[in-house]
Amino acid sequence: MPELPEVETIRLGLERHFVGRILSDITLWGHRIIRTYEGNADDFRRSIRGRHIDATGRRGKFLWAILDSDTALLFHLGMSGQLHSWSPRSCPRQRVAHEYARMECDDQSVLSFIDQRTFGRLEATGLTDEGIPDTIEHIARDPLDKAIDLDEVNRKIRRSASPIKTLLLNQGLISGIGNIYADEALFAAGVHGARRGRSLRRWEVTNVLEAATQVMRAAIAVGGTSFDALYVDVEGNPGYFERSLRVYGRDNQACTECGSQITRLMLQGRSHYFCATCQPRSGPSPVRNIE
C-alpha cells in the first residue's frame, strides 16, 4: 500500500499537470470505484463535471484535488491505486488494463484512475474550515504537517501499552507511516518495534518521530519506494528509495551498520524487520544517521 512518500510524489505530479484545469468530463467503467454513491454514476459526474481544479492536498496517505474552493475530489488509492497523466497525443482511445475512471480536462489532458486490486475509490465531498475533506477529518496529522503537535503525539505514545511499531501505524495518532517507513525509522532511532510505548523515554520517542520525518523526506526526494509495477508516479515512473532501505525486506541479510543478521518477526499481524544488535529489545541504542 502506498505510504506518505508515494502519495506525496503523486500529489506533486497532480499539481504539475492538472492545477488550473477544468474537469470537462468523466468516464466510469463499473460502479465499484464510486461505491460511496451506491452506484449512482450520474450524481458523481454532476458533483465534479465543469469544476475548476484550484489546488491539491494531502494528509497522511490521503490525496485530493480542491474543486472551486468548496469540494474535494478525494482519491483513495487502496492497495494498488494509480493516477496516470496522459497528454492529448499519448492517451489511448480504448480503456487500458484495470482503468476504472478517466477524467478529461479542458485542455484535453486526461487523468486515469487505474487499480489492479480494486480496493481504491473516488469520492466527492465537502471541505472543513481548514481545507480537509469532511470524510477524513478524523485522520491525524502527519509528520510533514507544519501544524502537527509532536509533543502531544509523544505523550500519547508514552502513555500506551501497545508496541511502538503498532503505534506508528495508528492513523488516528499520527498518519502517513506504514510498514516500510516505520521499520526504517525505528532502525535509524535504534528502537525495537516491540518495545511498549510506556517503556520508552521521551527522548527515544522524539528520536523515532524525527527519524520518521527524515526517512520520508529522503524517500520523497527519489520518488518513494517501488517494489513492483503497482506503484508509479503520475508519469509512470517508479520510485528508487528501495535502494536505500536498511532493514525493511532485508531479513537474513547483513545489517549495514554492524554486520549482524536482519531479523523478521510478526508483531500484531504485521511484519517487523530489525537488527537485534542495533535495536536491543531491552533498552536504547545510539541514533544513527539516515543518509
Side-chain angles (χ1 to χ4, degrees), residues 1-3 6-7 9-11 13-15 17-19 21-53 56-68 70-127 133-136 138-139 171 178 224 226-238:
M1 177 180 289
E3 300 181 28
E6 291 75 50
V7 177
T9 299
I10 294 169
R11 187 198 69 78
L14 285 181
E15 188 171 71
H17 292 284
F18 293 99
V19 168
R21 306 301 181 198
I22 294 174
L23 289 172
S24 57
D25 204 1
I26 179 169
T27 301
L28 298 169
W29 287 277
H31 293 156
R32 182 177 175 83
I33 198 169
I34 55 163
R35 50 191 175 276
T36 306
Y37 293 83
E38 298 180 351
N40 193 328
D42 290 337
D43 283 352
F44 180 74
R45 288 192 185 95
R46 278 193 293 268
S47 66
I48 68 170
R49 184 184 285 157
R51 297 294 200 98
H52 184 270
I53 303 175
T56 60
R58 181 194 53 74
R59 173 169 286 187
K61 305 175 187 179
F62 291 87
L63 167 69
W64 62 90
I66 297 176
L67 309 180
D68 288 343
D70 62 5
T71 300
L73 174 57
L74 187 62
F75 301 99
H76 297 260
L77 299 179
M79 294 291 292
S80 59
Q82 298 177 2
L83 292 172
H84 192 91
S85 169
W86 306 95
S87 69
R89 290 185 177 181
S90 66
C91 185
R93 293 185 179 182
Q94 301 299 318
R95 176 193 183 191
V96 301
H98 310 295
E99 183 180 15
Y100 289 94
R102 182 175 290 193
M103 291 156 275
E104 300 172 28
C105 295
D106 57 333
D107 67 342
Q108 297 185 312
S109 60
V110 171
L111 179 65
S112 290
F113 191 102
I114 298 168
D115 190 2
Q116 182 173 321
R117 298 181 181 174
T118 66
F119 289 111
R121 69 181 189 273
L122 300 178
E123 181 180 353
T125 184
L127 292 164
D134 293 335
T135 52
I136 64 163
H138 62 288
I139 299 295
Q171 303 299 295
S226 295
F227 289 113
D228 52 37
L230 291 183
Y231 165 69
V232 290
D233 67 14
V234 299
E235 294 160 352
N237 302 311

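These numbers were taken from a predicted model, which means no experiment stands behind them.
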Report the distance from atom CD of Glu15 to atom CZ of Arg58, rounding to the nearest 0.5 Å.
11.5 Å
Between Arg49 and Asp42, does at least one N-O distance fall below 4.0 Å, as a salt bridge requires?
no
Show the nearest heavy-atom pair for residues Gly78 and Pro2, with the distance to one decimal.
O-CD, 3.5 Å
For Ala97 and Ile114, which heavy atoms make the closest approach, and how far apart are they?
O-CG2, 3.6 Å
Partner of Ser80 under side-chain hydrogen bond (donor to acceptor under 3.5 Å, both in side chains), picked from Asp228, Asp115, Thr118, is Asp115
pair Pro238-Tyr231: side-chain heavy atoms closer than 4.5 Å
no
Can you check whether Ile26's main-chain N or O pairs, donor with acceptor, with Arg45's side chain at less than 3.5 Å?
yes
Could you pull out the closest heavy-atom pair between Leu73 and Leu67, with the gap in Å?
CB-CD1, 4.0 Å
Quick check: does any side chain N or O of Arg46 sit under 3.5 Å from a backbone N or O of Ile48, one acting as donor and the other as acceptor?
no
Using only atom types and a distance under 3.5 Å, with no angle test, would you say the side chain of Asp233 pairs donor to acceptor with the backbone of Thr9?
no
May I ask you to say whether Arg21 pairs ionically with Asp106, meaning some side-chain N is under 4.0 Å from a carboxylate O?
no
Minimum heavy-atom distance Glu6-Gly224, with the two atoms named:
OE2-CA, 3.3 Å
Checking Ile66 against Thr56 for the side-chain contact (heavy atoms from CB on, under 4.5 Å) test, could you report, in this order, the C-alpha distance in whole Å, the side-chain angles of both residues, the deciding distance, and whether it holds?
CA-CA 6 Å; Ile66 297 176; Thr56 60; over 6 Å; no
Looking at Gln82, Glu99, Arg95, His98, which hits side-chain hydrogen bond (donor to acceptor under 3.5 Å, both in side chains) with Ser112?
Glu99
With a 3.5 Å distance limit and no angle check, can you tell me whether Arg59 reaches the backbone of Ile139 through a side-chain donor-acceptor pair?
yes
Donor-acceptor pair between Glu235 and His17 side chains, under 3.5 angstrom:
yes
Do Glu123 and Thr135 make a side-chain contact, defined as non-hydrogen atoms from C-beta onward lying under 4.5 Å apart?
yes
Nearest non-hydrogen partners of Arg121 and Phe113, listed with the distance
N-CZ, 4.0 Å
Close side-chain approach of Tyr100 and Thr27, heavy atoms under 4.5 Å
no
Is any side-chain heavy atom of Leu23 closer than 4.5 Å to one of Ile53?
yes
What one should report as the nearest heavy-atom pair of Phe75 and Met103 is CE2-CE, 4.2 Å
If we count only N and O atoms by modelled type, under 3.5 Å, do the side chains of Glu104 and Ser24 hold a donor and an acceptor together?
no
